[in-house]
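The structure under discussion appears below in the form of C-alpha cells.
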Amino acid sequence: MANRWKNTLKESDATPESVYLNRRQIMAGLAGLGAIGGAASVGLMSGSKPAVASTDPLEPNTLEEITSYNNFYEFGTGKDDPARYADQMTTSPWTVKVDGMVDRPGDYTFEDIMAKMTIEERIYRFRCVEAWSMVIPWNGFELADLLELAGVQSSAKYIAFETLLRPEEMPGVNFPVLDWPYVEGLRMDEAMHPLTMMATGIYGRDLPNQNGAPLRLVVPWKYGFKSIKSIVGITAMDQEPPTSWNKSQPREYGFYSNVNPEVNHPRWSQASERRIGGGLFAKRVPTLMFNGYEDEVAGLYAGMDLRAHF
Ligand SMILES: Nc1nc2c(c(=O)[nH]1)N[C@H]1C(S)=C(S)[C@@H](COP(=O)(O)O)O[C@H]1N2
Ligand SMILES: [Mo]
C-alpha cells in the first residue's frame, strides 16, 4: 500500500550541503520553478499535485540553522541547549521496542530497520507551535513501511511513541518540565499517511543528536512537538495514547495539533510564523492550513470540528 506513493528520488550517502543546494537550483532552473522543485523534492505521488505552491519555493534552511536552534527538552529548555548537550547521548547500539497490536513484536535494532527500509529525501516545512518555522531536507522512510514490517494489525487504531529516557546522559530530565519519558501518538490513518516519515538524516548525513538521532518522527502538517525524537518505543493500540504536551497543558495542546492558522494558541496567534534564517532579514510569513499540506491531508479530518479537536 505504501509502495504506490514511493518517491523516485533517492539520496546516496552523504551529500554536502552546497552540492545539494546546487542540484536543487539546477532542477528548478531546468524545469521551471516551484512546481518541479516541489514534485521532485517533496516526493509526492506522480499524477497528484505537488505539495508546494509556486509562491513558496521551499528554500531549505542551512544545516547550521537546523542544528543550532532546537527543542529537545531532555537536554534543557534553551534553544541552544540541545546543540550543546545532546552529544552526551549514546545512539549506538540502538533498539526500538515494537509491541502491542502487531504480529511481529520485538526489539528491532536500528541496523535491522535501516537494512529493510528505503531511504528517501523529502523537503518539508516544519512549524513549531511557538510560531517559528524552518524548511528541512530530511532523509528517512515512511512510517507505514515500518508498521507493515512489524505486521500492524487491522484492529489497531493508534500508534504510541516513546523517547529514550536516560538521565545520566540527559541533563534536562532532572527537571520536572514534562512527565518523562516524552511520549506522542498518532491516529492510525495519520501514521499510515505517505507524508508521515521516520527521519534518519538531514542533508544526506546521519541525523544529528540534537535533531533526534538516530531516528525520529516527522509529521509535517502538525505542530513540531508531535515529531517525537530519539524513539525507543512504538506501540500499536486500540485507544488514543497519552501525549506529553497534552498531559502537561491540556487546554493549550490537544492530541491532534494540526497546524491551523485559524485556531490560535490560548496565549498567541497562529496566523503567521517567523521563518528562521536570514539573520536580521528573518521574515514573517503567513501560516498555511495544515502547514501547506491541505490537499494531501484535509480528507483525514473530514467532518471533524478542528476547533474542538485542536
Ligand atoms: N523527545 C522529544 N521530542 C521532541 C521535543 C522534545 O523536547 N523532546 N520537542 C519537540 C518540539 S516542540 C519541536 S518544535 C521539534 C523540534 O525539532 P528540531 O529541533 O529537529 O527542529 O521536536 C519535537 N520533538
Ligand atoms: Mo515545538
Side-chain angles (χ1 to χ4, degrees), residues 60-87 89 91 94 96 122-140 160-167 169-186 196-203 205-234 242-249 252-254 257-259 265 267-268 270 273-277 287 291:
N61 280 86
T62 65
L63 187 63
E64 169 67 18
E65 288 157 357
I66 296 166
T67 58
S68 62
Y69 188 90
N70 302 98
N71 278 333
F72 198 166
Y73 279 15
E74 285 85 339
F75 298 97
T77 54
K79 292 286 180 277
D80 53 354
D81 285 335
R84 206 178 290 160
Y85 301 117
D87 271 356
M89 176 172 59
T91 59
W94 193 273
V96 182
R122 305 254 184 114
I123 300 180
Y124 282 161
R125 293 186 201 80
F126 189 88
R127 170 58 157 86
C128 175
V129 74
E130 298 164 334
W132 54 265
S133 66
M134 295 197 199
V135 175
I136 305 183
W138 302 106
N139 309 92
F161 303 88
E162 187 172 315
T163 293
L164 178 74
L165 174 55
R166 194 180 287 151
E169 294 181 357
M170 295 175 149
V173 304
N174 298 305
F175 301 90
V177 193
L178 289 170
D179 178 18
W180 313 106
Y182 196 102
V183 290
E184 259 303 338
L186 294 173
T196 302
M197 70 186 295
M198 291 290 260
T200 57
I202 292 174
Y203 274 116
R205 306 162 193 233
D206 291 346
L207 200 60
N209 280 10
Q210 59 265 44
N211 296 93
L215 81 172
R216 61 89 62 86
L217 187 67
V218 176
V219 193
W221 71 93
K222 292 180 179 284
Y223 291 120
F225 66 83
K226 297 295 289 184
S227 292
I228 179 173
K229 294 177 168 180
S230 303
I231 293 169
V232 292
I234 297 180
T243 59
S244 284
W245 282 102
N246 178 254
K247 278 196 285 180
S248 158
Q249 314 270 2
E252 302 192 357
Y253 308 104
S257 300
N258 292 314
V259 175
H265 187 278
R267 292 184 279 128
W268 59 83
Q270 295 291 24
E273 62 204 50
R274 183 170 54 92
R275 180 62 55 84
I276 301 297
T287 290
N291 205 24

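In each ligand, atom 1 is the first atom listed, and ligand 1 is the first ligand listed.
The ligand atoms of ligand 1 that sit less than 4.0 angstrom from a heavy atom of Ser227 are 22 (O), 23 (C), 24 (N). Heavy-atom proximity to Glu74, at under 4.0 Å, picks out these atoms of ligand 1: 1 (N), 2 (C), 6 (C), 7 (O), 8 (N). Interface atoms of ligand 1 facing Cys128, defined by a heavy-atom separation under 4.0 Å, are 14 (S). Against a heavy-atom cut-off of under 4.0 Å, Asn211 is close to the following atoms of ligand 1: 18 (P), 20 (O). Each of the following atoms of ligand 1 lies closer than 4.0 Å to a heavy atom of Asn71: 5 (C), 9 (N), 11 (C), 12 (S), 13 (C), 14 (S), 16 (C), 19 (O), 22 (O).
For Lys79 and Asn70, the side-chain atoms include no donor-acceptor pair closer than 3.5 Å. A donor and an acceptor atom, one from each side chain of Tyr124 and Arg122, are located under 3.5 Å apart.
Closest to atom 6 (C) of ligand 1 among all protein heavy atoms lies Tyr182 CE1, 3.4 Å. With respect to atom 19 (O) of ligand 1, the closest heavy atom belonging to the protein is Lys229 NZ, 2.7 Å.
With contacts defined as side-chain heavy-atom distances shorter than 4.5 Å, the pair Phe126/Ser227 qualifies. Here the side chains of Val183 and Phe161 are not in contact, with every heavy-atom distance at 4.5 Å or above. Between Asn61 and Ile136 the shortest side-chain heavy-atom distance does not fall below 4.5 Å. Contact of the Leu207 side chain with the Leu215 side chain is not registered, since no non-hydrogen atoms from C-beta on lie closer than 4.5 Å.
Contact annotation: Gly212 has no heavy atom less than 4.0 Å from any atom of ligand 1. The shortest heavy-atom distance from Phe126 to ligand 1 is under 4.0 Å. Using a non-hydrogen distance threshold of 4.0 Å, Arg216 registers as a contact of ligand 1.
The nearest pair of heavy atoms linking Ser133 to Arg275 is OG-NE, 2.9 Å.
Residue-to-ligand polar distances keep Trp245 apart from ligand 1: every N/O pair is separated by 3.5 Å or more.
With a heavy-atom cut-off of 4.0 Å, Thr163 touches ligand 1 through its side chain alone. Heavy atoms of Tyr73 found under 4.0 angstrom from ligand 1 belong to the backbone as well as the side chain.
Here CH2 of Trp132 is found 6.0 Å from OH of Tyr69. Values are rounded to the nearest 0.5 Å.
Between Phe75 and Phe72, the ring-plane angle classifies as perpendicular under the 30° and 60° cut-offs.
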